[in-house]
Number of protein chains: 2
Amino acid sequence: MTSRPPRPRERGIPEATVARLPVYLRALQALQGRGTATVSSEGLAGAAGVNSAKLRKDLSHLGSYGTRGVGYEVEYLIYQISRELGLTQDWSVAIVGIGNLGRALANYGGFGTRGFRIAALLDADPDVVGLTVASLDVRHIDSLEEVVRSKGVSIGVIATPAGSAQGVASRFVEAGVTSILNFAPVVLNVPDGVDVRKVDLSIELQILAFHAQRRADGDGQAERMGLEVT
Amino acid sequence: MTSRPPRPRERGIPEATVARLPVYLRALQALQGRGTATVSSEGLAGAAGVNSAKLRKDLSHLGSYGTRGVGYEVEYLIYQISRELGLTQDWSVAIVGIGNLGRALANYGGFGTRGFRIAALLDADPDVVGLTVASLDVRHIDSLEEVVRSKGVSIGVIATPAGSAQGVASRFVEAGVTSILNFAPVVLNVPDGVDVRKVDLSIELQILAFHAQRRADGDGQAERMGLEVT
DNA sequence: ACGTGCTTGTGAAAGCATGCACAAAGTGGG
DNA sequence: CCCACTTTGTGCATGCTTTCACAAGCACGT
Ligand SMILES: NC(=O)c1ccc[n+]([C@@H]2O[C@H](COP(=O)([O-])OP(=O)(O)OC[C@H]3O[C@@H](n4cnc5c(N)ncnc54)[C@H](O)[C@@H]3O)[C@@H](O)[C@H]2O)c1
Ligand SMILES: NC(=O)c1ccc[n+]([C@@H]2O[C@H](COP(=O)([O-])OP(=O)(O)OC[C@H]3O[C@@H](n4cnc5c(N)ncnc54)[C@H](O)[C@@H]3O)[C@@H](O)[C@H]2O)c1
């Protein structure tokens, strides 16, 4: 290469864009697996299920990595997005609550395509502590602080019942973990500077139900009479 | 009551609002469980982790269900939100792919607080078909159409590997299911009128990693020298 | 009956996000 | 070397979301 494109990073990628970058990354990896070397914004947008203008604007926030008239080089773009997302470094993950869900998560092989490593499993139940799940010993929750320190845990996953989630979150924060992924159906209270994301099955179902009902209501024939079941 | 508030529904609740209603609903149920009869927008907003002005505007889309100077009656508001979300009717759910995740979902008791019923489990693996999981027989995927019809399935959950997800989605659509919740890490292609929502662990982790990296970059002391690890 | 105090519901402003449409920039053929 | 063609990067218009700030409304005490 003769001269490197000198736009390092401009501080401030829109949140909506950040949320789509992983989707682009996955689409790119699929393309790479199929042997594709370059892709147009149109093509990649199709694979990612978004509008091509949106894709171009999103990518433009990372820099000018495309070639006009040609498109984007798949490998290079994978690298740039990975770097932007922080996937070029390793992240140590601890899962707390090794029940139905925690076990599924621990056993989930393709955990995060790259970069994420499950470093520890923790639980409070004496019957669960000591079990080996996915080649890891389940440790007691009391050793959370020690485990976080010794394994360099930077992301905490909470898969305990709702009632225990806030307590676990506080201990994570206390121990210095500033990224938390919460599967329990509660709103977690954490200090500024701690990033919590939630995955909530029940909310997703309710949103689906809302739209389904909306569709059924307006849908043509029935229910035109003012009757309602109350 | 002397005269009912005559605002039935005004067609068109903003999407952002719909996504928060389930959160409010859960907070209200928690309050109800604790014996609270009425709550102010400030109080409910606190419990739901949002700004109180936002909460009031959200609720105003459903109608005028508060009392000035007092707040909202918990029970009444629970009913109104439930009705709006479509939780006063029953929804039949089928889960396809009874592996690690599918089993956890099937065994998940507090499935959706209310309204959602797991009606069928389906898998392609002969070793899995016939098993009893969460008191349900796992049926073969070939009977999907028959199951959807006989059980009145209206929501399909996909928990198969990525490679099978599109096929399963298409069969759901073919069978008349118009609401799909997808756990597989692929973008599904469905016709207009079908509503797909996705839950994607790996995307959530990547977003956390992005913010964590961002925090580490700007964080005060280290890394002020132009060095970068590349 | 009326005033006081509290809380809702909502205009209006500001901030984000989306998508169009096109100039700018590159490729490749003649 | 130039021209025709393709595709990016982005200015701009539009629409959605959030937040502020306050008038309107209701309960309650006097
Ligand atoms: N299973 C699902 O499909 C599913 C779906 C959506 C949400 N969730 C949510 O995920 C969470 C876990 O669900 P599950 O089905 O795995 O429940 P589970 O009861 O099977 O497992 C919970 C585990 O957490 C452990 N635990 C409890 N308190 C703890 C504490 N203070 N510290 C450490 N560990 C503790 C328990 O010992 C148990 O092993 C719940 O909040 C549930 O609402 C589950
Ligand atoms: N386990 C997790 O924690 C987790 C987390 C995030 C995402 N996911 C995703 O969820 C999906 C399931 O994960 P898992 O860990 O349960 O995988 P798994 O391999 O344990 O289970 C997959 C199941 O799907 C069945 N299946 C395969 N093809 C099928 C088909 N065409 N029709 C019906 N059934 C079929 C298999 O027989 C198997 O039982 C995957 O796409 C995975 O990427 C899982």
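The sequence lines fix the lettering, A, B, ..., with proteins before strands; numbering per chain opens at 1.
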A/Trp91 side-chain N/O to A/Ile118 backbone N/O, donor-acceptor pair under 3.5 Å: no

hbond_proxy A/Lys57 side chain to D/dG9 base (donor-acceptor, 3.5 Å cutoff): no

DNA chain D: 5'-proximal contact among A/Gly69 and B/Gly69 (nearest heavy atom): A/Gly69

Presence of B/Asn51 side-chain N/O under 4.0 Å of D/dC20 phosphate oxygens OP1/OP2: yes

Donor-acceptor pair present, B/Arg68 side chain and C/dT7 base, under 3.5 Å: no

Gap between atoms OH and P, on A/Tyr72 and D/dT6 respectively (whole Å): 18 Å

Sugar-phosphate only, base, or nothing, as touched by A/Ala53 at under 4.0 Å among non-hydrogen atoms: base

Any donor-acceptor N/O pair, B/Asn100 side chain to B/Ala104 backbone, under 3.5 Å: no

d(CD1, A/Ile13; P, C/dA17) in whole Å: 12 Å

Short side-chain N/O contact to D/dG9 OP1/OP2 from A/Ser64, under 4.0 Å: yes

Given D/dT19, D/dT8, C/dG19, the nucleotide with the shortest approach to the side chain of A/Ser41: D/dT8

Ring centers of B/Tyr65, B/Tyr72 separated by less than 6.0 Å: no

Spacing between A/Arg56 atom CZ and C/dA24 atom P, to the nearest angstrom: 16 Å

Euclidean distance, B/Arg117 CZ relative to B/Ser154 OG, rounded to 0.5 Å: 9.0 Å

Value in whole Å for how far the P atom of D/dT7 lies from CG of A/Leu59: 16 Å

A/Lys54 side chain, from C-beta outward: closest of C/dG9, D/dT8, C/dT18: C/dT18

Pair A/Arg83-A/Gln80, side-chain donor/acceptor within less than 3.5 Å: yes

Length of the line joining B/Glu42:CD and D/dT19:P, which is rounded to integer Å: 13 Å

Listed nucleotide nearest any side-chain atom of A/Glu15, set D/dT17, C/dA17, D/dT8: C/dA17

